[in-house]
Chemist: 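The structure is given below, and queries will be raised subsequently.
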2 protein chains.
Amino acid sequence: MKCILDPINAETKKRRLEEFQRRCREAGIPVTNQRRIVLEVVLGMHCHPTADQVHASLKVRRARISRATVYRSLESLVLLGVITKACHPGDVVRYDARLEPHHHLVCLECGDVVDIADPEITPPTLPDMSVFGFEVKDCRMQLRGVCRRCRRKEKRR
Amino acid sequence: MKCILDPINAETKKRRLEEFQRRCREAGIPVTNQRRIVLEVVLGMHCHPTADQVHASLKVRRARISRATVYRSLESLVLLGVITKACHPGDVVRYDARLEPHHHLVCLECGDVVDIADPEITPPTLPDMSVFGFEVKDCRMQLRGVCRRCRRKEKRR
DNA sequence: ATACGTGCAAAGCGTTTGCATTTCT
DNA sequence: AGAAATGCAAACGCTTTGCACGTAT
């Protein structure tokens, strides 16, 4: 079984950047260099970076973008629907660049989340929650437990 | 269809408090008044309170427990496995007193999460992720989208 | 008696905001 | 030209921590 997802590939990245520009035009907000670069970096990062991790990753790429702008850019990318906020057990906001349906392994010890694909557990259609006035946009399974690293730590005690 | 879950009932509360005391003894940590009262309050609150909401709720009940102790008590209750950290898209830690399997409606606009039960979408057995060294303890479906209140707000624009 | 928990206040971080300046449309 | 975004630094809010004291085992 292979189900931990690979990084987003070059072709998908290109498509996502085009979609970002299209949505900016639709929403009438400027396509700034900063926003584009932030998106590029997030698409290239491992799963669910924090704003600060994105900022650090920008530094490595020699792109000088202030911390405040990184926060604001990520927020506008969420509003554009180009990325989403990941649901984590911790107290730091994390972002998820993967839009296609997938699931998460959540470690309840360290808060780490890993993307997985497992068609077996995915329901074929989105459940209807309109009785509650709720519009379902996507559906993700969280498999919560303890990751390898944390299990090792536990054994050591 | 009825699937938004009712508050935890009196009988269950009693059982949960007993379990808490038992686990304290097992772990060799003291059963203090503060920890017990914090648990009582969390069991009585609507879904996924923040530490500060718990603290406020304690005030209403005329229980003077310092904010720091509330934070520490909640953390020890998590370690004891008596409550869990809820997985939210926001930047504040939220707690979940419901241990039995259930699912969540997550509003991506306001970050609100509502407990639901829907056996139709619940997989019969926990998927095996031991290939990744991951021990699955529970499995929750997140139906992410927009809640009634936020949809109304959108229409007003 | 001893180890652990509690309360208080201060420190620590992640995040947001006000304002002058720059950039995009 | 006008509207919106950026950078900086300061402010803000949630959470943790150091320390003296209190409490459970």
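In what follows, chains carry the letters A, B, and so on, assigned in the order in which the sequence lines appear, proteins first and then strands, with residues in each chain numbered from 1.
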Chemist: Taking Arg94(B) for the side chain and Val113(B) for the main chain, is one N or O donor matched with an acceptor at less than 3.5 Å?
Modeler: no
Chemist: To the nearest Å, how far apart are Leu79(B) CG and dC4(C) C1'?
Modeler: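 To the nearest whole Å, that distance equals 15 Å.
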Chemist: I'd like to know if Arg148(A) pairs up with Glu135(B) as an ion pair, taking the criterion as any Lys NZ or Arg NE/NH1/NH2 lying under 4.0 Å from an Asp or Glu carboxylate oxygen.
Modeler: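 Glu135(B) and Arg148(A): not salt-bridged.
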Chemist: Five pairs at each end of the helix from dA1(C)-dT25(D) to dT25(C)-dA1(D): take the axis at both ends and give me the angle between them to 10°.
Modeler: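 End-to-end axis angle: 50°.
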Chemist: Partners of Lys13(B) by side chain to side chain contact (heavy atoms under 4.5 Å, CB included), sequence neighbours excluded?
Modeler: Ile8(B), Leu43(B)
Chemist: Between Ser130(A) and Gly133(A) (side chain of the first, backbone of the second, donor and acceptor by atom type, cut-off under 3.5 Å), is there such a pair?
Modeler: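 Between the backbone of Gly133(A) and the side chain of Ser130(A) there is no qualifying donor-acceptor contact (under 3.5 Å).
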Chemist: Rounded off to whole Å, could you give me the CZ-to-P distance for the Arg67(B) and dA10(C) pair?
Modeler: 15 Å
Chemist: For Leu126(A) and Lys137(A), which heavy atoms make the closest approach, and how far apart are they?
Modeler: CD1-O, 3.8 Å
Chemist: Would you please say whether a donor-acceptor pair under 3.5 Å links the side chains of Asp52(A) and Thr50(A)?
Modeler: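 Absent: no donor and acceptor within the cut-off.
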Chemist: Mind listing the closest non-hydrogen atom pair of Val42(B) and Ala97(B) along with its distance?
Modeler: CG1-CB, 3.7 Å
Chemist: Where along residues 52-65 of chain B does a heavy atom fall under 4.0 Å from DNA chain C?
Modeler: Arg64(B), Ile65(B)
Chemist: Quick test: give all pairs of protein nitrogen or oxygen and nucleotides 17-25 of chain C nitrogen or oxygen below 3.5 Å, distance rounded to 0.1 Å.
Modeler:
from	atom 1	to	atom 2	distance (Å)
dT25(C)	OP1	Val31(A)	N	3.3

Chemist: Which residues pass the side chain to side chain contact (heavy atoms under 4.5 Å, CB included) test with Asp96(B), sequence neighbours left out?
Modeler: His48(B), Thr84(B), Ala86(B), Arg98(B), His102(B), His104(B), Asp115(B), Arg140(B)
Chemist: Is any side-chain N of the basic residue among Glu19(B) and Arg23(B) closer than 4.0 Å to the acidic one's carboxylate O?
Modeler: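 Looking at Glu19(B) and Arg23(B), the cut-off is met.
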Chemist: Test side chain to side chain contact (heavy atoms under 4.5 Å, CB included) on Asp91(B) and Asp91(A); report intermediate values, then the result.
Modeler: CA-CA 5 Å; Asp91(B) 63 347; Asp91(A) 62 347; over 6 Å; no
Chemist: Just the rounded figure in Å: distance from P of dG5(C) to CG of Leu77(B).
Modeler: 12 Å
Chemist: For Arg35(B) and dG5(C), is the shortest distance between a side-chain N/O and OP1 or OP2 below 4.0 Å?
Modeler: yes
Chemist: Quick check: closest heavy atoms across Val93(A) and Pro89(B), and the distance to 0.1 Å?
Modeler: CG1-O, 4.4 Å
Chemist: Given dT15(D), is OP1 or OP2 found less than 4.0 Å from the side-chain N or O atoms of Tyr71(B)?
Modeler: yes
Chemist: Just checking, is any N or O donor in the side chain of Ser73(A) or Ser76(A) under 3.5 Å from an acceptor N or O on the other one?
Modeler: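 Checked: Ser73(A)/Ser76(A) side chains show no N/O donor-acceptor pair below 3.5 Å.
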Chemist: So if I take residues 81-97 of chain B and measure heavy-atom distances to DNA chain C, which residues fall below 4.0 Å?
Modeler: Asp91(B)
Chemist: Please state how far atom CZ in Arg36(B) lies from atom C1' in dG5(C), giving the value in whole angstrom units.
Modeler: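 It is 15 Å, rounded to the nearest whole Å.
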Chemist: Rounded to the nearest 0.5 Å, what's the gap from CD on Glu109(A) to CZ on Arg151(A)? Could you check?
Modeler: 11.0 Å
